[in-house]
Amino acid sequence: MAKNIKPRADDYSQWYLDVIKAAQLADYSPVKGCMVIRPEGFAIWEAIQRDLDRRFKDTGHVNAYFPLLIPQSFLTKEAEHVEGFAMECAIVTHTKLQKGADGKLAPAAPLEEPLIIRPTSETIIGHMYHEWLQSYRDLPILINQWCNVMRWEMRTRLFLRTAEFLWQEGHTAHETAEQAQTETLKMLDVYAAFAESFLAIPVIKGAKTDAEKFPGAVTTYCIEALMQDGKALQAGTSHNLGQNFAKAFDIKFLGRDQKLQHAWTTSWGVSTRLIGAMIMAHSDDEGLVLPPKVAPYLIAIVPIFKSPEEQQKVAAFIDKLLVQLVGEEELAAAKARQTDPALPRYFFDKVTNQAIIVDWRDNRPGDKQFHWEQRGVPFRIEVGPRDVDQNAFVLKKRLDRSKEPVQLTDAITPQWLRAQLDTIQIAMFEKAKQFRDANIRTAGSYEELKKLTAEQGGFIRAHFTPSKEIEAKIKEETKATVRCIPFDHNGDKATSGKDIYTGQETTTQVIFAQSY
RNA sequence: CGGGGCGUAGCGCAGCCUGGCUAGCGCACCAGACUGGGGGUCUGGGGGUCGCAGGUUCAAAUCCUGUCGCCCCGACCA
């Protein structure tokens, strides 16, 4: 039992914060709502960036960078957009601090036009696309940027909703509506594939209702994930912006038909919220559980010894094991690297920056077990004198907390480790998927929806015709919202049925859930 | 912005109601010893303007007033 982590069943919210704290992923900052991402947490973000960025490049996108500050007037150019974001904007109004008569520093030199700290970059990027775009030959524009954004949320939670957060935002411009739609759905697929294969989080793809869509979008698509407490989390969005922003920012080009016309744009993004999703999807009462593809440390080796002689014997064996897993060269390189000698790191994969760490700190072995377990390291290897005598080590799996002795034969190779990691990666996805699937229920009536949200949570499928007014009413009464209109799920086709609220016949099925 | 809770060592807390001796405890930290296969034991040690500002009092962590901040719940949130 982890003594510093509250069990999920007692207080899920506290459990989540305890897991983050125990794994040292993040910390509160002096500014309310802002978060410090610590090295262990940032390594996860780096892994996400690395893999996603590859996927963006593979689909033809390039990276660029646009400024943090946006003229206030830009925000007002798209009506829905300003309405959606005005309430949570941070505004820069002055350029310097000066000592006043009372000796205290106060803002001086007010700006002529206040600047907004970007809550998202459609407006400034729209402005630039206006400047850059002339002809259909310039299209498509396929740009992504990795950056921070700021949304002054009333209430924040580490990773899930912070005032400032890191994300990527793709912004593309196309010649035709069809191309923009293809792009929007393509990126939704990229997100879904990434969430499932890299983060091992099963997601449902679908469209948002008008009530839930991005301010200024024609259609918003999303991937929705289910957390262990039965609440939904929007893990990524892809927006077809139609010509809304093109019109607001005058993004025009001369077409093949020799006519000046507005471009069709899209935007899509995922954020550090994914880290929160990953924590909540996989971790247990013992702490963080990381999918192998995300983990900065793949194995933590815990040596067991009493005397210096035993230490030497164990160290020699660990070196032998390391040579088989990372090679002679890396073993020597690691020793030359001169990091903390008590915690030497050996790169298993330099491309993904994933390492094996050996814990030589002068602590009890039990401490070390808890230490690495709480940090979600997929495997721990225990090596003591008894193991060395039998030419073996003890392999402990974080996922199911099992342990088994393994002989150190020629079979212990990088391929062996990769196979082990793949098995865990798949098992984690399957486990999460089983949980998710077991928590998809169908409501045949509004009463049933009320009952299910109150008693069971999870995703609730129902026949329903989206309507802002009715959705607001349902939200008020059940705290549940339409998470999405799913494309299709487990092969079950949307068949006609009675709208749970109005009773009218409809072919539209939606997924309701309480969400983060 | 509304409701609730809380500011005392790095962290977690007791003490406050009913003012009074040198402000305590646990964890963490440092030194040493015994230890070592899932959070060990002992000894010694360092660390505090009790959130801040006023007030009452012989005397304030404790009472009063004000103020600042944080956390949780709600409203809000592509």
Side-chain angles (χ1 to χ4, degrees), chain A residues 1-6 11-14 16-18 21-22 24 27-34 80-81 83-89 119-120 122 149 151-158 160-163 165 167 169 207-224 233-241 267-271 273 286-287 302-308 310-311 314 359 361-374 380-390 392-394 396 401 403 405 472 475-476 479 481-484 515-516:
Chain A
M1 250 307 270
K3 56 190 178 189
N4 54 344
I5 298 174
K6 205 168 193 72
D11 184 345
Y12 191 82
S13 195
Q14 190 58 47
Y16 173 73
L17 295 171
D18 287 347
K21 200 165 190 191
Q24 297 194 340
D27 212 341
Y28 295 103
S29 84
V31 179
K32 183 179 159 72
C34 292
E80 273 186 32
H81 194 68
E83 202 178 310
F85 285 108
M87 294 301 284
E88 47 194 67
C89 278
T120 178
E122 275 75 9
V149 289
R151 298 179 189 182
W152 213 269
E153 303 282 359
M154 295 261 181
R155 205 172 134 209
T156 57
R157 295 192 87 188
L158 292 179
L160 297 180
R161 181 173 294 111
T162 47
F165 57 92
W167 77 344
E169 45 180 331
K208 286 289 186 192
T209 62
D210 283 348
E212 300 278 330
K213 78 177 164 67
F214 177 77
V218 171
T219 313
T220 289
Y221 299 94
C222 63
I223 51 171
E224 290 285 327
L233 184 76
Q234 178 177 298
T237 47
S238 185
H239 317 291
N240 185 337
L241 304 175
S267 69
W268 27 273
V270 297
S271 71
R273 168 182 270 198
E286 304 303 323
V302 177
I304 315 273
F305 57 88
K306 292 177 197 163
S307 60
E310 282 185 346
Q311 175 169 8
V314 166
D359 193 345
R361 292 173 306 161
D362 189 19
N363 289 346
R364 310 269 303 183
D367 287 334
K368 299 180 185 179
Q369 301 286 2
F370 280 103
H371 181 91
W372 300 110
E373 181 167 61
Q374 298 199 331
R380 275 166 289 144
I381 284 180
E382 209 173 62
V383 179
R386 291 207 299 266
D387 305 307
V388 178
D389 291 340
Q390 291 164 36
F393 55 84
V394 178
K396 297 187 169 184
R401 307 188 76 218
K403 57 175 180 177
K475 185 180 179 185
E476 202 176 303
K479 290 185 189 169
T481 50
V482 175
R483 299 322 300 156
C484 70
S515 76
Y516 276 97

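The basis for the numbers below is simple: all heavy atoms, side chains too, and nothing from hydrogens, waters or symmetry mates. Lettering of chains follows the sequences in order, A, B, ..., and the numbering in each one begins at 1.
The partner of U62(B), taking Watson-Crick or G-U wobble pairs whose two distances both stay under 3.5 Å, does not exist in any strand shown. Pairing for C21(B) is absent, judged as Watson-Crick or G-U wobble with the two contacts each under 3.5 Å. Remark: G74(B) base-pairs with C1(B); criterion is Watson-Crick or G-U wobble with both hydrogen-bond distances under 3.5 Å. For C27(B), the paired base is G10(B) (Watson-Crick or G-U wobble, both distances below 3.5 Å). Searching all strands for a Watson-Crick or G-U wobble partner of G36(B) with both distances below 3.5 Å returns nothing.
Residue Gln369(A) places its side chain closer to G38(B) than to any other of G36(B), G38(B), C72(B). Between G38(B), U35(B), G39(B), one nucleotide has an atom nearer to the side chain of Lys3(A) than all others, and that is G39(B). Out of G39(B), G36(B), G74(B), the shortest distance to the side chain of Lys306(A) is found at G36(B).
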Atom pairs, N/O to N/O, protein against nucleotides 2-9 of chain B, distance under 3.5 Å?
none

Dump the pairs, protein N or O against N or O of nucleotides 10-12 of chain B, anything under 3.5 Å, distances to one decimal.
none

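Of the P atoms belonging to G39(B) and A28(B), the separation is 14 Å, rounded to the nearest Å. Using C1' as the reference atom, G48(B) and C13(B) are 15 Å apart when rounded to the nearest Å. A9(B) and C52(B): their P atoms are spaced 11 Å apart (whole Å). Rounded to a whole angstrom, the distance from the C1' atom of G4(B) to that of A75(B) is 15 Å.
At a cut-off of 3.5 angstrom, counting only N and O atoms as typed in the model, there is a donor on one side and an acceptor on the other between the side-chain of Glu373(A) and the base of G38(B). For G38(B), its base sits under 3.5 Å from the side chain of Lys396(A) at one donor and acceptor pair at least. Between the side chain of Arg386(A) and the base of G37(B), a donor-acceptor pair under 3.5 Å is found. In the interface, the side chain of Arg380(A) is paired with the base of G38(B) through a donor and an acceptor atom under 3.5 Å apart. Donor-acceptor pairing under 3.5 Å, judged by distance alone, is absent between the side chain of Asp367(A) and the base of G40(B).
The CE-C1' distance, from Met87(A) to A75(B), rounds to 11 Å in whole Å. The CZ-C1' distance, from Phe85(A) to C76(B), rounds to 14 Å in whole Å. Straight-line distance from the OH atom of Tyr16(A) to the P atom of C72(B): 11 Å, rounded to whole Å. Atom pair Asp359(A):CG and G36(B):P shows a separation of 18 Å (rounding to whole Å applied). Atom CD in Gln374(A) sits about 13 Å away from atom P in G39(B), given to the nearest Å. Here the P atom of nucleotide G36(B) and the CD atom of Glu382(A) are 14 Å apart, to the nearest Å. One can place CZ of Phe165(A) at 15 Å from P of C77(B), the figure rounded to the nearest angstrom. A straight line from CG of Asp362(A) to P of A31(B) spans 10 Å, rounded to a whole angstrom.
We find the CZ-CZ distance between Arg401(A) and Arg380(A) to be 7.5 Å, quoted to the nearest 0.5 Å. How far NZ of Lys3(A) is from CZ of Phe370(A): 7.5 Å, rounded to the nearest 0.5 Å.
Counting all heavy atoms, side chain and backbone alike, His81(A) lies closest to Pro215(A) at ND1-O, 3.1 Å. Of all heavy-atom pairs between Val383(A) and Val388(A), the closest is CG1-CG2, 3.9 Å. Across all their heavy atoms, Val314(A) and Pro385(A) have their closest contact at CG2-N, 3.9 Å.
Put simply, Arg364(A) has no side-chain N or O that comes within less than 4.0 Å of OP1 or OP2 on G36(B).
Salt bridge annotation for Lys396(A)-Glu373(A): absent, with no cationic side-chain nitrogen under 4.0 angstrom from a carboxylate oxygen.
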